[in-house]
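These notes are about the structure you will find just below.
Convention: sequence-line order gives letters A, B, ...; per-chain numbering from 1. None of these values were measured; they are calculated from a predicted model. All heavy atoms count here, side chains included; hydrogens, waters and symmetry mates do not.
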Protein chains: 2
Amino acid sequence: MTINNSTTSANVAGVYELFQLMRDGEPRTRADIAALTGLARSTVGLRIDALRELGLLKPVTDAASTGGRPSSRIAFNPRARIVAAADLGATHSTVALTDLAGTTLSETRTRLDIAEGPEKVLGYLVGTIAALLEQIEWNGSELIAIGIGLPGPVVHATGKPSKPPLMPGWDGFDVPEYIRRTYRVPVLVDNDVNIMALGERTMRQPQPDDMIFVKVATGIGSGIISGGQLQRGTDGTAGDIGHIPIARAAGVPCTCGNLGCLEAVASAPAIAATLRAAGLDAATSTDVINLVRAGDLTAIQAVRQAGRDIGEVLNMCVSIVNPSLITIGGSLAPVADQLIAGIREIVYSRSMPLATQNLVIEQSKAGPEAGVIGASILAIEHALSQERMDAMIGPK
Amino acid sequence: MTINNSTTSANVAGVYELFQLMRDGEPRTRADIAALTGLARSTVGLRIDALRELGLLKPVTDAASTGGRPSSRIAFNPRARIVAAADLGATHSTVALTDLAGTTLSETRTRLDIAEGPEKVLGYLVGTIAALLEQIEWNGSELIAIGIGLPGPVVHATGKPSKPPLMPGWDGFDVPEYIRRTYRVPVLVDNDVNIMALGERTMRQPQPDDMIFVKVATGIGSGIISGGQLQRGTDGTAGDIGHIPIARAAGVPCTCGNLGCLEAVASAPAIAATLRAAGLDAATSTDVINLVRAGDLTAIQAVRQAGRDIGEVLNMCVSIVNPSLITIGGSLAPVADQLIAGIREIVYSRSMPLATQNLVIEQSKAGPEAGVIGASILAIEHALSQERMDAMIGPK
């Protein structure tokens, strides 16, 4: 039951609703807006002024206008502000600047080991944002928010990683506080798989309301969108499927300290270990991918088996979430065909027919960009949220 | 990313928002409302008139008013309309009438076998609603919506059951169409466990945003609330945990036609079968409950083991949903202590510590009323939704 009876906001029908209306990009006159919102003309004028002052709305050149009179139409100005977005993975990072429509203005990708600790990694991030800002010749004043994805559990409300297994030194580290020493803007932090799910969703038309993005890489995790919303759960661990026990992993130690987790047998390092035990030369995702591409049967079978293992867990996800899309990304995405063959084998044989009748299982479309796209969405949606707009403009 | 840029509605800041503001029950003047909403006074007046015409707002007696002048304050009138709510279980049904605040006006509970088919069961429902309306001396004209829970998968958008295992004759039956032959109001149909989750949530303060209601009865199912919203999934099967395979059920046939489902070993009939195999006289939930209450060790151990089996599946639910509350209801609720002991044993030993640090596992507080309370919420929220309000009042 969702009852919106907030009486603390001074603007039940406020600047926010007016701005959300304009985010579709359509140019409109003040009269259009008054008609669409039911707001008094004077109120519309005040709110448009406030949004123009922020640069979020701008007058548009009106081709249809006759005579020398300037156009009275206004429209959303996505270039009014920029956001920074970072996808910090276990071994690689991508940092980008985008406008308020999510269009990338500048981007850089580099090898970076998350295990080097927060000071070093976030120091790099702060410096990279500065370099990117310089590159596009904007100063920091237009930067309105920063979105960051990290490869471990994060308490989204505080931006602090919470006992992340692959990230020594990061537990409880105040990521927003560190970044805000340099950039005094809201810093949104989330699990990397959550932001990948957000990014993947934008690549799909129509955007699915119920979907699972599965990352298969150094670890295994998933980002779950239910009812059109990214779900984080109570402690930010929703979708943490890598540590669900499966029968084939019984007794196998996992990096989390438990035995028998999915991740212990089906992650990229686990597959590489299987291949080494069979006498092959494999240490990384790239080695596994190269062996599969070279047609090595042992490697193909190992990846297919990892797909079946992941399928055991996804079968339960299907019963619990009933998604219309499961999409596979992460560093093993180039061999997603083999993974997906194994996943389908299990999911379609074990699930209730009704739960899979509309289910598509396929490779990520967002590819390696999924994370950074999602991080920018996280930053944009926060920057343009009702709360932020109220704070920027103040009660009217 | 949720961008509300609907331009089809004529009321971005419309009657609906004004009414939602008033649903808290606080009496307000027109001036209060204009200040809170930023709407023009004339617009406020028109919208209040529309809502008063529908009876949804009413003038209040103002004790503080001086002199003979009538009060100008208005407030929500929950008795303006009523809804009917039905929880149709496998063997019992509860039917109630409530006002728009969810307060029960009249209720009846009876044995009713869902397997008797839709015509007979829904015929009973139609007659019962008529009898309840007569009892409270209201005619049908104030009835604004009907909410119904059924013990099987339902496509919520159409109100049709979809291959329900325990409901012969119901597959694809147009429940709303049948009911609407008598009552020409919106009919909302959902899985009984979903409405129980809605009902249970209203019994909790604060209402949890991430919770799982587990029904353990003739079948086993769950209703999942994530991010504050009931999640139905793509085909209405979200939370259908009874048919997830577990190791201890390997090879055991289930009513769904598969082998090895949780429900095949941990439902009330499965526990009763275990007890009969041990020479005890048990056929129903009541028999199992009576044996446990009498201190029969075989019965206690069988229920505890069912709890462990359910715990195997809930352990995965915890990884996927990360709830703050798991609550156990259904006909075996009276022995929930024993079930919960088994569930906790498994969930707390297998889950990641972070995912369970804020997790409470306990018996349902809503009890046998959970379903009918939830069905009334389903009906009320629809009846008072933006779409319905727009339809009632028309564009302004």
Quiz item: Where does A:M316 contact chain B at under 4.5 Å (heavy atoms): side chain, backbone, both or neither?
Solution: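 Backbone plus side chain of A:M316, per the 4.5 Å heavy-atom cut-off to chain B.
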Exercise. Answer with side chain, backbone, both or neither: which region of A:R41 has an atom nearer than 4.5 Å to a non-hydrogen atom of chain B?
Key: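 Neither; nothing under 4.5 Å.
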Exercise. Give a yes or no on whether a salt bridge exists between B:R204 and B:E200, defined as a side-chain N under 4.0 angstrom from a carboxylate O.
Key: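 Salt bridge present between B:R204 and B:E200.
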Practice problem: Return the option, out of B:R232, B:H243, B:Q231, B:R350, with the maximum number of heavy-atom pairs under 4.5 Å with chain A. | Solution: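 The answer is B:Q231.
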Quiz prompt | chain A contacts, top residue of B:G239, B:A238, B:S351 (heavy-atom pairs, under 4.5 Å) | solution =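 Between B:G239, B:A238, B:S351, the count favours B:A238.
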Those residues that, when tested against [X], pass side chain to side chain contact (heavy atoms under 4.5 Å, CB included) (two or more places apart):
| X | answer |
| --- | --- |
| A:V154 | A:L150, A:V189 |
| B:S319 | A:I244 |
| A:L354 | A:Q357, B:P153, B:S162, B:D235, B:T237 |

Quiz item: A:G227, A:S226, A:G236, A:P245: which one forms the most heavy-atom pairs within less than 4.5 Å of chain B?
Solution: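 Heavy-atom pairs under 4.5 Å are most numerous for A:S226.
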Quiz item: Which one, A:I320, A:D240, A:I225, leads in non-hydrogen pairs under 4.5 Å with chain B?
Solution: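 Max contact count across the listed options: A:I320.
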Quiz item: Under the side-chain contact (heavy atoms from CB on, under 4.5 Å) criterion, do B:L325 and B:I212 qualify, and how do the steps go?
Solution: CA-CA 6 Å; B:L325 174 68; B:I212 303 176; over 6 Å; no
Practice problem: Indicate whether any N or O donor in one side chain lies under 3.5 Å from an N or O acceptor in the other, for B:S324 and B:D210. | Solution: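 Side chains of B:S324 and B:D210: no pair found under 3.5 Å.
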Practice problem: Apply side-chain contact (heavy atoms from CB on, under 4.5 Å) to the pair A:D24 and A:F76, showing each step before the final yes or no. | Solution: CA-CA 8 Å; A:D24 63 0; A:F76 176 40; over 6 Å; no
Quiz prompt | Region of B:A355 that comes under 4.5 Å of a non-hydrogen atom in chain A | solution =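 Both parts, backbone and side chain.
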Quiz item: Does B:M203 offer a backbone N or O that forms a donor-acceptor pair with the side chain of B:Q205 under 3.5 Å?
Solution: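 A pair under 3.5 Å: no.
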Quiz item: Under 4.5 Å, heavy atom to heavy atom, which residues of residues 254-263 of chain B contact chain A?
Solution: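 Near chain A, by residue number: B:C256, B:N258.
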Quiz item: Going through the distances and angles, do A:D209 and A:R201 end up as a salt bridge (Lys or Arg N to Asp or Glu O under 4.0 Å)?
Solution: CA-CA 9 Å; A:D209 280 341; A:R201 187 167 186 244; 3.2 Å; yes
